[in-house]
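Comments concern the structure below.
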Amino acid sequence: MRLENKPNILTLTNFTTESGAFYATLNLSYQVFGPALHTAPIVVVNHALTGNSQVIGATGWWNDLIGPAKTIDTQKYTVIAFNVPGNGFDGSVIESYLDFTARDVAQLFNLGLQQLEINLVYAIIGGSVGGGIAWEMAALSPQLAQHLIPIATDWKATDWLMANCYLQEQILNNSSRPIEDARIHAMLCYRTPESFEAKFNRTINSELGVFNIESWLAHHGEKLQQRFQLASYKLMNQLLKTIDITRGRGSFESVVAPITANIHIIGINTDLFFTPTENRKTNLELQQLQLQTSYQEIESIHGHDAFLIEFEQLNRLLATVFE
Ligand SMILES: CC(=O)SCCNC(=O)CCNC(=O)[C@H](O)C(C)(C)COP(=O)(O)OP(=O)(O)OC[C@H]1O[C@@H](n2cnc3c(N)ncnc32)[C@H](O)[C@@H]1OP(=O)(O)O
Ligand SMILES: N[C@@H](CCO)C(=O)O
């Protein structure tokens with residue numbers, strides 16, 4: 001799948017990943033929405049697993065939150081969104097998905113901002129793996145953002161999340177229909193039993209002669225197969241499982257202490273991937289360290305994907321940050 005408009009491209013040179021892989025050059029693409037760069041406060045938006053830099057527009061994935069006169073008002077804020085190199089939407093190529101961690105991508109995004117002479121942004125916001133990359137960006141450049149808004153995410157992948165990513169990787173490497181089968185499994189993590197019951201209630205798809213939950217899962221599998229590449233899925237899955245701002249750096253306290261941003265954590269009461277329990281713990285630890293932090297929760301039966309569904313709540317929770 002292509003982006004609606006050709007993205008801008010930055011060339012980053014001599015980049016060594018956390019795992020020691022050397023890239024002489026890497027292309028980092030981005031899109032800008034709203035006022036030109038350097039003419040208004042900047043909001044960095046990080047995409048999630050199957051997203052891209054097209055945050056708004058005909059195929060935009062956050063149109064309900066971002067745009068003219070929306071909560072993140074593109075008449076007031078310049079929105080910049082990078083593509084994760086290798087996400088399949090901009091032609092950028094990486095050698096192996098195993099080379100990269102969430103922190104590497106955060107480092108690339110921060111280098112991209114530096115190349116654009118952006119030293120301070122109003123906010124960094126992202127959902128799921130995009131929120132994890134936002135945490136990593138703040139840990140790498142603690143004074144970069146005035147507001148850090150991690151949604152449906154945390155500063156670390158838990159063992160439960162790693163376990164599901166491992167299963168995703170097994171499917172992606174071994175199945176004869178890797179993208180379809182991986183997406184079917186992933187949908188069980190992105191939603192909840194209550195969400196399925198509310199949608200389908202054991203009904204049968206009379207046209208296909210299968211349960212509606214089955215045809216719905218098959219539909220999501222086929223849809224992703226049409227719009228996403230296998231190598232990109234493997235990479236995004238690898239990024240999800242490697243979120244951890246403390247890896248190789250010491251204690252959580254020492255890593256977060258220098259962060260000057262006002263941290264607005266937004267969780268989802270039914271998120272199976274990044275649980276509200278973990279989010280509350282993070283908020284409490286930040287409070288104890290006297291960082292500027294708050295925790296708010298989206299209430300939804302839909303689980304992790306609620307950050308792409310519950311826009312009324314998301315708009316309300318973010319209104320004060322962007323008013
Ligand atoms: C932040 C990011 O980067 S994400 C980037 C964008 N990501 C995505 O778009 C992810 C894929 N999409 C989704 O996960 C969802 O569409 C969301 C989260 C965006 C919205 O969820 P919902 O509005 O609840 O839609 P839901 O998951 O029920 O799916 C609806 C689809 O299932 C289809 N469907 C519904 N019931 C059935 C059924 N019984 N059998 C088969 N298909 C069905 C609908 O026709 C619809 O199809 P379409 O999407 O091709 O139009
Ligand atoms: N539905 C989301 C889930 C990942 O957080 C996506 O496809 O990107």
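Indexing begins at 1, ligand by ligand and atom by atom, following the structure's order. Below, all heavy atoms of this structure are taken into account, side chains as well, without hydrogens, waters or symmetry copies.
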Does T246 reach the main-chain N or O of R249 with its side chain, forming a donor-acceptor pair under 3.5 Å? no
Closest protein heavy atom to atom 1 (C) of ligand 1, given as residue, atom name and distance to 0.1 Å: W61 CE3, 3.1 Å
Quick one: does atom 3 (O) of ligand 1 have a protein heavy atom under 4.0 Å from it? yes
Quick test of your reading of the structure: of F200, W62, W216, whose heavy atom lies closest to atom 35 (C) of ligand 1? W216
Which protein non-hydrogen atom lies closest to atom 51 (O) of ligand 1, naming both residue and atom, and how far is it? K223 NZ, 4.2 Å
Can you confirm whether the side chains of T101 and E18 place a donor and an acceptor under 3.5 Å from each other? yes
Can you tell me which portion of Y190 lies within the under-4.0 Å heavy-atom range of ligand 2? Options are side chain, backbone, both, or neither. side chain
Do S195 and T192 have a side chain donor and acceptor closer than 3.5 Å? no
Near L308 (heavy-atom distance under 4.0 Å), the atoms of ligand 1 are 1 (C), 4 (S), 18 (C)
Find all atoms of ligand 2 within a distance of less than 4.0 Å from any non-hydrogen atom belonging to L49, and give their numbers and elements. 4 (C), 8 (O)
shortest atom 5 (C) of ligand 1-to-protein heavy-atom contact is with G51 CA, 3.5 Å
Within less than 4.0 angstrom of ligand 1, does E214 place any heavy atom? no
Cut-off 3.5 Å, side chains only: do Y233 and Q168 have a donor facing an acceptor? yes
Does the residue K199 have a heavy-atom contact with ligand 1, meaning some pair of atoms that are separated by less than 4.0 Å? yes
List the closest protein heavy-atom neighbour of atom 16 (O) of ligand 1: residue, atom name, distance to the nearest 0.1 Å. H220 CE1, 4.2 Å
Heavy-atom proximity to atom 15 (C) of ligand 1, picking from H302, M187, H47, R191, points to R191
Please verify whether a non-hydrogen atom of Y190 lies at under 4.0 Å from ligand 1. no
Do the side chain of Q75 and the main chain of Y77 share a donor and acceptor less than 3.5 angstrom apart? no
Got a donor-acceptor contact below 3.5 angstrom from the T153 side chain to the V129 backbone? no
Identify which one of L26, V84, T17 satisfies the side chain to side chain contact (heavy atoms under 4.5 Å, CB included) criterion when paired with L108. L26
What I'd like to find out is whether the side chain of W160 reaches to under 4.5 Å of the side chain of F274, using heavy atoms alone. no
Proximal ligand 1 atoms for F307, defined as those under 4.0 Å from one of its heavy atoms: 1 (C)
For atom 5 (O) of ligand 2, what is the closest protein heavy atom, and at what distance to 0.1 Å? S128 OG, 2.8 Å
Would Q107 and F15 count as a side chain to side chain contact (heavy atoms under 4.5 Å, CB included) here? Give the steps. CA-CA 9 Å; Q107 179 79 303; F15 184 77; 3.4 Å; yes
Less than 3.5 Å between some nitrogen or oxygen of R227 and one of ligand 2, yes or no? no
Do protein heavy atoms approach atom 39 (N) of ligand 1 to less than 4.0 Å? yes
Just to check, does Q226 reach to within less than 4.0 Å of ligand 1 when the distance is taken from its heavy atoms? no
Look only at interatomic distance and state if H219 has a nitrogen or oxygen under 3.5 Å from any nitrogen or oxygen of ligand 1. yes
Would you say N201 and T203 are linked by a side-chain donor-acceptor pair, where the criterion is simply a distance under 3.5 Å? no
Element-labelled atoms of ligand 2 that are located less than 4.0 Å from some non-hydrogen atom of H304: 5 (O)
When distances are taken from atom 8 (C) of ligand 1, the protein heavy atom at minimum range is R227 NH2, 3.4 Å
Answer yes or no: are there more than 12 heavy-atom neighbours, outside E4 itself, under 6.0 Å from its atom CD? yes
Please list, in number order, the atoms of ligand 1 under 4.0 Å from a heavy atom of T50. 7 (N)
Tell me, which protein residue and heavy-atom name are nearest atom 23 (O) of ligand 1, and how many Å apart are they? I309 CG1, 4.9 Å
When the ring planes of Y190 and F273 are compared, do they come out parallel, tilted or perpendicular, using 30° and 60° as the limits? perpendicular
Which segment of D305 sits under 4.0 Å of ligand 2 when only heavy atoms are counted: side chain
With a 4.0 Å cut-off on heavy atoms, is R183 in contact with ligand 2? yes
Do you know which of E278, R247, M162 makes side chain to side chain contact (heavy atoms under 4.5 Å, CB included) with K156? E278
Which of the numbered atoms in ligand 2 are below 4.0 angstrom from a heavy atom of L308? 1 (N), 2 (C)
Residues 70-88 vs salt bridge (charged side-chain N to carboxylate O under 4.0 Å, His left out), sequence neighbours excluded, gives none
Do you see a donor-acceptor pair shorter than 3.5 Å between the side chains of Q296 and H264? no
Has D271 got a side-chain atom pairing as donor or acceptor with I268's backbone, closer than 3.5 angstrom? no
Does at least one non-hydrogen atom of R183 fall below 4.0 angstrom from an atom of ligand 1? yes
Among all protein non-hydrogen atoms, which one is nearest to atom 6 (C) of ligand 2, and what is the separation to 0.1 Å? T50 OG1, 3.3 Å
